Number of protein chains: 2
Amino acid sequence: MEGTMQDFPLMVTSILDFAERWHGEQEVISREVDGETTVSNYRELARSARLTSLALRALGVRPGDCIGTMAWNTVRHMHCWYGIAGSGAVCHTLNPRLFVKDLEYIINHAQDKIIFLDAPLAAIAQQFLPNTPSVQTFIVLTSSSKMPKIEAKPGTTGRPKGVAYTHRSQFLHCMQLGTSNALSMGMHSTVLMIVPMFHANAWGHVFGAPMYGCRLVLPGPDLSGKTVCALMHEHNVTVAAGVPTVFGDLLLHLEKSGRKLPRSLTHINVGGSAMPTSMMQTYERLGIHAVHAWGMTELSPMGTMCVLKPYMQNWSEERKTAVKSKQGIPGIFTDLRIVDDKGKELPRDGKHMGELQAKGAHTTKSYLKVDKPAVDAEGWFSTGDVATIDEHGYMQITDRSKDVIKSGGEWISSIEIENMATAHPQVAEAAVVAMPHEKWGERPLLVVVAKRKGAVSKEAILEHLKGKLAKWWTPDEVVFVDELPHTATGKISKLQLRQQFKKSEAASQGRSKL
Amino acid sequence: MEGTMQDFPLMVTSILDFAERWHGEQEVISREVDGETTVSNYRELARSARLTSLALRALGVRPGDCIGTMAWNTVRHMHCWYGIAGSGAVCHTLNPRLFVKDLEYIINHAQDKIIFLDAPLAAIAQQFLPNTPSVQTFIVLTSSSKMPKIEAKPGTTGRPKGVAYTHRSQFLHCMQLGTSNALSMGMHSTVLMIVPMFHANAWGHVFGAPMYGCRLVLPGPDLSGKTVCALMHEHNVTVAAGVPTVFGDLLLHLEKSGRKLPRSLTHINVGGSAMPTSMMQTYERLGIHAVHAWGMTELSPMGTMCVLKPYMQNWSEERKTAVKSKQGIPGIFTDLRIVDDKGKELPRDGKHMGELQAKGAHTTKSYLKVDKPAVDAEGWFSTGDVATIDEHGYMQITDRSKDVIKSGGEWISSIEIENMATAHPQVAEAAVVAMPHEKWGERPLLVVVAKRKGAVSKEAILEHLKGKLAKWWTPDEVVFVDELPHTATGKISKLQLRQQFKKSEAASQGRSKL
């Protein structure tokens, strides 16, 4: 008989079992949807999660069934995640900010049987309920006295793909959070989980916090700078995770109110989109490490974190800032590479731009109910991002591959031009899209929203860009608009912009400068 | 088709692949067996490991073959570990301090085909070689000019059991090292790996250091306080791992030489046996966190680490020291419990003593070539230690189960009595063993080595113990000896002591005080 080691399936439920046994007294503080604060701990959380599992089984839930949750970050939502996992079912988070038609599509695609719901979101549920026949039961996360009335009344543009995580992928993914190369989350930490549990898996914090015995603060629905600041002070938060918008609001609140951040705060984990360099510098000046994370739903989501390597500590501030603005290096369970059109790996010199591909223990292999693999023959998943990787291993996103501009066979980064343009003091927002061009294939068009109408001219913008960009990267045309089109999740809709400008630009090709 | 995540087998070889790609420039500093220092990095280490794999395959090594290593901590030994793993073979470390007869048994039991060997250990190899017919090849880790001559000339007490780790168990085990609840090892760390690679898997540091991109310092064969201190200064070591003996030597060196430890040093990882409280306090006074780790070969080996929980920070120094002297709480991949004679779990109150059992991803399930499982029906592995677990989850070893004294149906901790006895200023060493007793079953016998012969009396020892131990724990008899018998690994042989005193004690039962 060969000697061997024990079986130990990597189940997310065993994370909470562990926290219950060895960090049972650690606090879980939750700001509920009615604004009241509750304080419990991992021992109680584990007990409630088990009761939730039992209740789900009593409702006829079977392993593999999909159970939806549409809720803010509260301890009740935590009960649902662990309770659903413990019942053997699949937890399916729903973003209440999506259009109702999208929610209907998503719920029908997953065939959700039951949906857990925060009371204030009942009005949304009421709208999609008539068109989601798989949903047999709603469970409202509230006390009986606050139960809302939900009545169904009779009633798709996007086709989002579903990513199904495994217990193993989630378990391994969240281990990143406690490592000292990333956020150093541990039992000495108090973690404010601002990133919503319906947004890209809350970046693994739901599992990472109990795994490392962290004190956890759940903010509920109010993510305003004022409330976030108050929560940080009240509970001596040491690390907070959220998108740049939230941290921008927080800075505005500090400016307006004259308040300061608590001295306990040492790290912020920033993802969702890149934090503007100036905002990052402001946080650094306040003595707070702003750690850029990059990822996507398909990567569970964390693919990279940006922490300086030790030999960079002696670099100039400017050079350090340049590294910190990048998306960072991957953790142990992820490998990354950039490839050209033919799938050939490109050099890691910080200059070559290529499609970013990922591989690893928490990267998607195939989408839910899609009948072909999401990876190539070698197992690489194409992220749809265009990036560089420098000689130190730091990856930087330069574009979405559908937004990159291919001019004369070379790629131009729309993001880099946008960053340069928004650095102009009179520019509120800017977007660069590719316009078809007979000679060069594509050329960049810069679309600008000025802070005040007429405050800046095309010539002033081009003068501002001069010397900052390679000549052939410089946009041929600058167009001013009153506002840019945005998607439901707040990103600039470049698709809509391209359609809008295709005709006018085609007509103006004669003005091309190259 | 159900959506799913990528396959990513947890192979230790992928740890070095990762370090090569993302921390390739990180230094690996090695003090070779001839005293010279070499500096390489993870990129070069990965390359050499691949060459080693190729060489092994060329030598006819097949997956599953056992390859021995008998070597000190050097970068060449690292090449062997990763090279053997990469060839699909099993790496089998040999402790050069064992008796030749034991080495013969171990090598024959594993059927080692090839043995990697440090040149200065050739004399040992020469002794066991005639009796280890499975060994076809020796590979000496040296340059050609320093090659020793090895000639075979023609030529078992213990029967150690073999533990075979899996890639998965090793991968998960070493993840503990980078978490901020343990040693916070990361790319900012410089790790001095004093614990030998042939001793309980070097506590996972061989895999943990590259996994987290740590700078690594390998000390070679000289582990004296002087050399350890010099290495710490020379390379700005931040964390060192070793047994209490090494750290005791280091303190003696500081005392004698008047040197100080470098300011870079923040943590020491102490295992193998418990560090005396006074030594721990000395390190704490020097501003260095002494982190107690407990484990055993069967646990890969790390089972617990002792770091204070945040709510303990405000406790009195005395109370904190009491916690730090314990063995600590387990990491995410290990569960522990204490059970009574019938296998029933005992309360976690810091008082109940029971046999310590372990379960988890890096705990042995079965020994090599032993035809029955090493775990019970529920999957628990019995450690052979007796321990308490307190209400905060901190485990403390009170005895080896074969050394515990069972008096009147209750357990008495031999370790606790020994600690009390050695605190007497005139006691050099002390051991407590169980003596058979007609009425109580067993009673403790205290065996003492005085600092100077006749410097302390039986009455003085008993007076010293008074009030420090429960009356029924107090030894009935104190015996003075010139020296205590020790095992090959330096531990007191209680088996031999018991045999030695059985007759005399049986005759003296009339003097029992209870």
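Predicted, not measured: the structure shown is a model, and the values here were computed from it.
Looking only at heavy-atom pairs under 4.5 Å with chain A, the residue among B:Ile329, B:Thr166, B:Asp335 that has the most is B:Asp335. Contacts with chain B were tallied for A:Val163, A:Asp17, A:Thr179; A:Thr179 has the most, counting heavy-atom pairs under 4.5 Å. When each of A:Gly331, A:Ala374, A:Gly178, A:Pro330 is scored by its heavy-atom pairs under 4.5 Å with chain B, the top score falls to A:Pro330. Of the listed residues B:Thr334, B:Ile389, B:Thr364, the one with more heavy-atom pairs under 4.5 angstrom with chain A than any other is B:Thr364.
Looking at B:Phe333, both its backbone and its side chain come within 4.5 Å of chain A, counting heavy atoms on both sides. Only the side chain of B:Leu172 comes within less than 4.5 Å of a heavy atom of chain A; its backbone N, CA, C and O stay farther away. Neither the backbone nor the side chain of B:Arg215 comes within contact range of chain A; no heavy atom of the residue lies under 4.5 Å from a heavy atom of that chain. Heavy-atom distances place the backbone of B:Leu308, and not its side chain, under 4.5 Å from chain A. For B:Gln313, no part lies under 4.5 angstrom from a heavy atom of chain A. Heavy atoms of B:Phe18 lying under 4.5 Å from chain A belong exclusively to its side chain. Both the backbone and the side chain of B:Met187 have a heavy atom closer than 4.5 Å to some heavy atom of chain A. With a 4.5 angstrom heavy-atom cutoff, B:Pro9 touches chain A only via backbone atoms.
Of the possible donor and acceptor atoms, one in the side chain of B:Gln6 sits under 3.5 Å from a partner among the backbone N and O of A:Gly360. A:Arg168 places no side-chain N or O within 3.5 Å of a backbone atom of B:Met5 that could act as its donor or acceptor partner. A donor-acceptor pair under 3.5 Å links the side-chain atoms of A:Arg21 to the main chain of B:Leu336, judged by distance alone. With A:Ser180 contributing its side chain and B:Met185 its backbone, the two residues share a donor-acceptor pair below 3.5 Å.
For B:Gly3 against A:Ala164, the heavy-atom pair with the smallest separation is O-CB, 3.5 Å.
Here B:Glu391 pairs with nothing under the side-chain contact (heavy atoms from CB on, under 4.5 Å) rule; sequence neighbours left out.
Residues A:Met211 and B:Asn181 have side chains not in contact (no heavy-atom distance under 4.5 Å, counting atoms from C-beta outward). Considering only heavy atoms from C-beta on, B:His392 stays 4.5 Å or farther from A:Glu25 through its side chain. Counting only heavy atoms from C-beta outward, the side chains of A:His188 and B:Val307 never approach each other to under 4.5 Å.
Atom OG of B:Ser14 and atom CD1 of A:Ile332 lie 6.0 Å apart (nearest 0.5 Å). Distance CE/B:Met395 to CH2/A:Trp22: 8.0 Å, rounded to 0.5 Å. The distance from the OH atom of B:Tyr311 to the CD atom of A:Gln26 is 8.5 Å, given to the nearest 0.5 Å.
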